[in-house]
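Every chain is numbered from 1 and lettered A, B, ... according to where its sequence line falls, protein lines coming before strand lines. Values below: every heavy atom of this structure, side chains too, minus hydrogens, waters and symmetry copies. Just so you know, these numbers come straight off a predicted model, no measurement behind them.
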Number of protein chains: 2
Amino acid sequence: MSNKRTRDRIVEEADQLFYQQGFEHTSFAQIAEALGISRGNFYYHFKTKDEILDAVINYRLTRTHAMLEHWEIEGATPLDRIRSFINILVMNQAKIKQHGCPVGTLSMELTKLNHSSREHANKLFTLFRIWLSRQFEQLGHHKHADELAMHLLSLSQGVATLYSAFQDDEFINHEAARIQDWLSAIATQTQTQQEKL
Amino acid sequence: MSNKRTRDRIVEEADQLFYQQGFEHTSFAQIAEALGISRGNFYYHFKTKDEILDAVINYRLTRTHAMLEHWEIEGATPLDRIRSFINILVMNQAKIKQHGCPVGTLSMELTKLNHSSREHANKLFTLFRIWLSRQFEQLGHHKHADELAMHLLSLSQGVATLYSAFQDDEFINHEAARIQDWLSAIATQTQTQQEKL
DNA sequence: GCCATTCTAGGACAACCATCCTAGAATAAT
DNA sequence: ATTATTCTAGGATGGTTGTCCTAGAATGGC
């Protein structure tokens, strides 16, 4: 079954193009041309464009989930794991500079389109949120774990957007370092609390 | 000349619709219908859709500029003025919940569209940036004024995006308060520095 | 009141879009 | 080898888009 192969290729190409150009601005013809397949062939694998979008979101959910799990397995401390998350800003610097945060930009676009897959796309945010929340819990911040997770998501989201707008390399590196410092303070704060007990 | 009237009405309606639905997803027909004028009539006032976009951006620049100037005139301290900026999150809460930050979402959309007015739209960010930078300077942070301005822009941008995604009222109020606290710390820090001198 | 300018209406146009359809190629099952 | 299934190609369709064009209405100056 070369079925799987073509279907996956469509999803992967759509994933890239949706990120680079946005969902609405990407047409079937473009994806088809990029893959060297015919437009009509699409409709064997996906009945509608929305179906491709959902497949792309699932693809991203799977990959993100795998990444987060990989970080957990590596036997590092929760602090290290959160640092890995913050480092996404630096690791994906080039792409963020060009196309912003893939999670945030898709979420915003689907919001404007009043698209039915909006909530599905927001699960990407939730995935990070829950994972981060768990890490903060393991750091000892049981009460404010979710709050800290949301705050960290906010921070990186804002940095990604402004970096994409101003394209200032110094800015993103400085902000990434700043967030790491913030995290250090959080971690110290925990230790102090633990010493009290 | 009722010319002015119609032209302005187009810009104002386009401003709203671009914010609510995005630039690309808003059609001439929609704007025309909302205003009760004919499609063809558009092309007397604007030769292309991009021209409307530029007019909308200028409109926003003017209004934002006026708002910032108004804050300066009111005879408050720079600290109060920055607090006014942070309070945008609370004041425009309902709109941000539905459509995100008007500056950030337009900037991101035009980036994805590879649109020629991208830099024009980013001037909205620059307007806030320069204004905030000036306020921080007046607060005594001469060296890091721009850095603080960018940081504050990041913070509010991130909060707006996540609020729009999760629609959590508690979150935005908490984060707004948190940013105000951050600002208080910045202001205190200045005072300490000044006491040293 | 007449004329020039300014404005408006609405149809026509080509381009593009997502989607559908059908015929045939490739592949797998027997 | 033959049949059934899976996959692909590419044209056709109907709707929407931005843009253009022309005829006429409204308006202002004289």
Colleague: Quick one: A:Tyr43 OH to D:dA9 C1', roughly how many Å, whole number?
Modeller: 15 Å
Colleague: Could you give the CZ-to-C1' distance, from A:Phe28 to D:dA9, as a whole number of Å?
Modeller: 16 Å
Colleague: Going by atom types only, do A:Thr77 and A:Asp80 share a side-chain donor-acceptor pair under 3.5 Å?
Modeller: yes
Colleague: What nucleotide, of D:dG18, C:dT8, C:dT19, holds the atom closest to the side chain of A:Thr48?
Modeller: C:dT19
Colleague: Is it true that the side chains of B:Thr105 and A:Lys112 contain a donor and an acceptor less than 3.5 Å apart?
Modeller: yes
Colleague: Identify which nucleotide among C:dA12, C:dA18, D:dT8 has an atom closest to any side-chain atom of B:Arg39, counting heavy atoms from C-beta outward.
Modeller: C:dA12
Colleague: Distance check: side-chain N/O of A:Thr6 vs OP1/OP2 of D:dC7, anything under 4.0 Å?
Modeller: no
Colleague: Round to the nearest Å and state the distance from B:Arg5 atom CZ to D:dA26 atom P.
Modeller: 16 Å
Colleague: In this structure, how many angstroms lie between the P atom of D:dA12 and the CZ atom of A:Phe42, rounded?
Modeller: 21 Å
Colleague: Of the candidate nucleotides D:dT8, D:dG11, C:dA12, which contains the atom at the shortest distance from the side chain of A:Ser38?
Modeller: D:dT8
Colleague: Which nucleotide sits closest to the side chain of A:Lys49: C:dT19, C:dA9, D:dC20?
Modeller: C:dT19
Colleague: Please pick, from D:dC20, D:dA9, D:dT8, the nucleotide with the shortest atom-to-atom distance to any side-chain atom of A:Ile37.
Modeller: D:dA9
Colleague: Taking atom C1' of C:dT6 as reference, at what distance in whole Å does atom CZ of B:Arg7 sit?
Modeller: 15 Å
Colleague: Given C:dT6, is OP1 or OP2 found less than 4.0 Å from the side-chain N or O atoms of B:His45?
Modeller: no
Colleague: Under 6.0 Å from the six-membered ring centre of B:Tyr44 and within 45° of its axis: does the NZ or CZ of B:Arg7 meet both?
Modeller: no
Colleague: Could you check how far CG of A:Leu113 sits from P of C:dA18, rounded to whole Å?
Modeller: 13 Å
Colleague: Between P on D:dT16 and CD on B:Glu33, what's the gap in Å once rounded to a whole number?
Modeller: 12 Å
Colleague: Decide whether B:Gln30 and B:Glu13 meet the rule of one side-chain donor and one side-chain acceptor closer than 3.5 Å.
Modeller: no
Colleague: Would you say A:Tyr44 places a side-chain N or O within less than 4.0 Å of OP1 or OP2 belonging to D:dC7?
Modeller: yes
Colleague: Are OP1 or OP2 of D:dA9 and a side-chain N or O of A:Asn41 less than 4.0 angstrom apart?
Modeller: yes
Colleague: Can you tell me the distance, in whole Å, between the CD1 atom of B:Ile52 and the P atom of D:dT17?
Modeller: 14 Å
Colleague: Is any side-chain nitrogen or oxygen of B:Ser27 closer than 4.0 Å to OP1 or OP2 of D:dT17?
Modeller: yes
Colleague: Under a 4.0 Å threshold between the charged nitrogen and the carboxylate oxygen, would A:Asp169 count as salt-bridged to A:Lys97?
Modeller: yes
